[in-house]
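Report on the following structure.
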Amino acid sequence: MAFAHTGSVALLGVDGVVVEVQADLEPGVAAFAIVGLPDKALSEAKDRVRAAVVNSGEKWPQRKLTVGLSPASVPKSGSGFDLAIACAVLAAAEVLDPAAIAKLLLIGELGLDGRVRPVRGVLPAVLAAADAGYERVVVPSQTAAEAALVPGMSVLGVSTLAQLLGLLTGRLTEEDQEPEAGPGLGATRPDNALVGLSLPGLGVRSRRADEADHRDLADIAGQFEARRALEIAAAGGHHLYLKGPPGAGKTMLAERLPGILPPLTQQEALEVTAVHSVAGLLPAGQPLLAAAPYCAPHHSTTMPAIIGGGSGLPRPGAVSLAHRGVLFLDEAPEFPVRVLDALRQPLESGEVVVARSAGSLRLPARFLLMLAANPCPCGRWSRRGEGCDCTPTMVSRYQGRLSGPLLDRVDLRVEVDAVTRVELMERDATAESTATVAARVLAARDRAAARLVGTPWRTNGEVPGHELRTRWRLAPGALKDAERDMERGLLTARGLDRVLRVAWTAADLAGLDRPERDEVRTALALRSGFSRSLPR
């Protein structure tokens, strides 16, 4: 009996589980079996691995072969185990030294001609390998830069199975610039290895941290109150709701919100990149996403696509793809009520738990939610009632699609007025650019970070209300207006906590040590959706 083993990784959502790939050869009728809860794609690895080994110039062992994937209780899916299975089989057949692959972790799909094709989720897989104590990993050459983001990990990128075998047997060295080409590979043939690796999805937009964004806040005509709310939302991580007629600039404001968010930290960038890698949305040639993502799904998008899920093991949805970035729901009342109410859990906890028959997963979902809606089905309703053909029942039903518990979790609510002819035709020299506002937001974030040092929170929008009421006190008399609103039933306990968070952000933007009554008034006005003259 001949036996060999190596390592690979099974992905459960955005988390990786290290799997020991074992190969056992015994005398008997030639057969090939894979055990350990493989899915359909993994079961088909038998044919891919056999063809790849033969086309790489090696002999396939004509004995009874059993490949075991341990732990057997963890579901395994995808084609990323091909490379580990091939090496384990060849080591059991004594083509390779079993000791050479015992402490090696291998990830990659094999083509029938022996090429090593990239797979999704390389970054979270390598992170799991590092946590398990692995120091060396073999990945497809196209994803080597992504794997190299993990500190302390030695990454070997290979293009073909023959090249890997040459490196493991000593026929090649890592310094060789020209890897061995598998049979049937032509030099002039276009490389289609990345086909199917990147998938379109859910209106996700990402860019490099050093890439210029031509969407500038200065391009927006008027909307000074909405601009102010956008700045507060970015500085404190507060959710935002814009309501106004069509053409007022709600979508333009949403598209410019990621531009004023601070660059992601190293840890945040790894989190975002891991999610996008698993989802197949990592841009080619961009191993690390250092800028905040922007996700704008259509209102016809299904619940699993928004929250996460799908057949078999759940996959990240829009809330996870917008992690550490912006989730924009345009025409929010047109989304199904079940989808909107499902956002309530991730808005509070910063994560989403998806339970399926195949297992439950916890996916990251700390995003900045931005809702946009028309005031009525025709979009022309106003308090003055001019130009709207909708009946009061239609208006009430349309506005009621956004439930109270959902809106109670939204800190900022702004009514956006229609743009006037003067605002549209005459350029406003006082309109601030994205760069100017982004610098102010970054300074406010730094001020908040200095205050929150030593705590698990990074922005004002994450701080629990109890901490704000007891640990960081406001100026004397600052809460007089908020207390009056609570007595009148206009403000809930959760609403008071939200007001305190926004007040601290307004103080950070103003350079104050703590919020005063004016900052609390600003927070109350933005939460109610209209300006109020409160008595002092």
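For clarity, every value in this text was computed on a predicted model and none was experimentally measured.
Using a 4.0 Å cut-off between charged side-chain N and carboxylate O, R324 and E271 make a salt bridge. Salt bridge annotation for R458-E268: present, with a cationic side-chain nitrogen under 4.0 angstrom from a carboxylate oxygen. Ionic pairing of R366 and E348 is not present here: no N-O contact between side-chain nitrogen and carboxylate oxygen is shorter than 4.0 angstrom.
The closest donor-acceptor contact from the side chain of D216 to the backbone of D219 lies at 3.5 Å or more, if one exists at all. For the pair R409 (side chain) and P405 (backbone), a donor-acceptor distance under 3.5 Å is present. Side chain of D97 to main chain of A91: no donor-acceptor pair is present (N/O by atom type, distance under 3.5 Å, no hydrogens or angles). Of the possible polar contacts, one joining the T434 side chain to the L217 backbone as a donor-acceptor pair under 3.5 Å is found. Under a 3.5 Å cut-off, the side chain of T143 and the backbone N or O of V122 do not form any donor-acceptor pair.
Rounded to the nearest 0.5 angstrom, L230 CG and R256 CZ are separated by 10.0 Å. The distance from the CG atom of L104 to the CG atom of L156 is 7.5 Å, given to the nearest 0.5 Å.
Within the 4.5 Å cutoff, no side-chain heavy atoms of V17 are placed close to those of V9. Between V337 and L340 the shortest side-chain heavy-atom distance does not fall below 4.5 Å. Looking only at side-chain heavy atoms (C-beta outward), P262 and V441 come within less than 4.5 Å of each other. Counting only heavy atoms from C-beta outward, the side chains of H238 and I232 approach each other to under 4.5 Å.
Nearest heavy-atom pair across A292 and L264 is N-CG, 4.1 Å.
Checked by atom type, the side-chain pair E331/H299 shows no donor-acceptor distance below 3.5 Å. In the model, T273 has no side-chain atom that pairs as donor or acceptor with a side-chain atom of E146 under 3.5 Å. In this structure, a donor-acceptor pair under 3.5 Å is present between the side chains of D341 and S403.
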* Please step through salt bridge (Lys or Arg N to Asp or Glu O under 4.0 Å) for the pair D15 and R362, ending with a clear verdict. => CA-CA 9 Å; D15 297 319; R362 193 179 301 273; over 6 Å; no
* **Stepwise side-chain contact (heavy atoms from CB on, under 4.5 Å) check, K40 with E44** => CA-CA 6 Å; K40 180 64 174 177; E44 293 174 348; 3.3 Å; yes
